[in-house]
Amino acid sequence: MTRTSVPPAILAAVSLLLATLWGFAVFGGWSRPAFCAGLEPSPDCADRLAPVASLSELVALVAAGTMGFAWFARRESLYGVAVAAWIAALAVLLFGGLAVR
């Protein structure tokens, strides 16, 4: 059985792409129309979405810190952790947004 590993450059690129997606969702305003538009949303949906975005920002802070540390300290093993943290930040935003809807 052979073990394959993903090159660090691909993990770094995936992490940057996930960070960009998260940034557009939170700071670019993509999350408000995604979760508060459509099938009769409640009038206070945007207000209830704000704490979800704040929680997602905390997870994203961990992801950005891990990515920065992996990049500057040349710790290639942490790139996978950064990708997982970005996915967690997006998951918090997705499931939280679905819950407030």
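Positions are given from 1 along the sequence.
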Asks: Check the hydrophobic clustering (I, L, V, M, F, W, Y; side-chain heavy atoms under 4.5 Å; chains of links allowed) and say if V83 and L17 are grouped together.
Replies: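 Different hydrophobic clusters.
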Asks: Report the residues that fulfil side chain to side chain contact (heavy atoms under 4.5 Å, CB included) with A12, sequence neighbours left out, ordered by chain and then residue number.
Replies: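 Counting only residues at least two positions away or on another chain, A12 forms a side chain to side chain contact (heavy atoms under 4.5 Å, CB included) with M67, Y79.
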Asks: Would you say that more than 12 heavy atoms from the other residues, nucleotides or ligands in this model lie under 6.0 Å from the CZ of R32, or not?
Replies: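 No, CZ of R32 has 12 or fewer neighbouring heavy atoms, counting only those of other groups under 6.0 Å.
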Asks: On a heavy-atom basis, which atom in C36 and which in L49 lie closest, and how many Å separate them?
Replies: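 Distance-wise, the nearest heavy atoms are SG-CD2, 4.4 Å.
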Asks: Minimum heavy-atom separation for P33 and G29, please, with both atom names.
Replies: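 It is CD-O, 2.8 Å.
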Asks: State which residues pass side chain to side chain contact (heavy atoms under 4.5 Å, CB included) with L61; sequence neighbours excluded, sorted by chain then number.
Replies: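 Once residues adjacent in sequence are excluded, L61 has no partner under the side chain to side chain contact (heavy atoms under 4.5 Å, CB included) criterion.
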Asks: Anything under 3.5 Å between a donor and an acceptor, one on a side chain of residues 69-77, the other on a protein residue two or more places apart or in another chain? List them.
Replies:
none

Asks: Considering only residues two or more places apart or on different chains, which pairs with a residue in residues 56-69 satisfy side chain to side chain donor-acceptor pair (under 3.5 Å)?
Replies: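 Listed once each, the pairs are W22-S56.
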Asks: If the condition is side chain to side chain contact (heavy atoms under 4.5 Å, CB included), which residues does L94 pass it with, not counting sequence neighbours?
Replies: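 Counting only residues at least two positions away or on another chain, L94 forms a side chain to side chain contact (heavy atoms under 4.5 Å, CB included) with F35, L98.
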Asks: Hey, which of L90, V92, L93 is the one that makes side chain to side chain contact (heavy atoms under 4.5 Å, CB included) with V59?
Replies: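 Testing V59 for a side chain to side chain contact (heavy atoms under 4.5 Å, CB included) against L90, V92, L93 leaves exactly one candidate, V92.
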Asks: Between the side chain of S31 and the main-chain N/O of V26, is any donor-acceptor distance below 3.5 Å?
Replies: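 Side chain of S31 to backbone of V26, a donor-acceptor pair under 3.5 Å: no, none is there.
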Asks: Do any pairs count as a side chain to side chain donor-acceptor pair (under 3.5 Å) and have a residue in residues 81-90, sequence neighbours left out, and if so which ones?
Replies: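 Side chain to side chain donor-acceptor pair (under 3.5 Å) check on residues 81-90 returns S15-W86.
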Asks: For the hydrophobic clusters of this structure (ILVMFWY residues joined by side-chain heavy atoms under 4.5 Å, transitively), does one cluster hold both L58 and V81?
Replies: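 They do not share one cluster, since no chain of ILVMFWY contacts under 4.5 Å joins L58 to V81.
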Asks: Quick one: do V62 and V14 end up in the same hydrophobic cluster if we chain Ile, Leu, Val, Met, Phe, Trp and Tyr together by side-chain heavy atoms under 4.5 Å apart?
Replies: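 No, it is not one cluster - the side chains of V62 and V14 are not joined through contacts under 4.5 Å.
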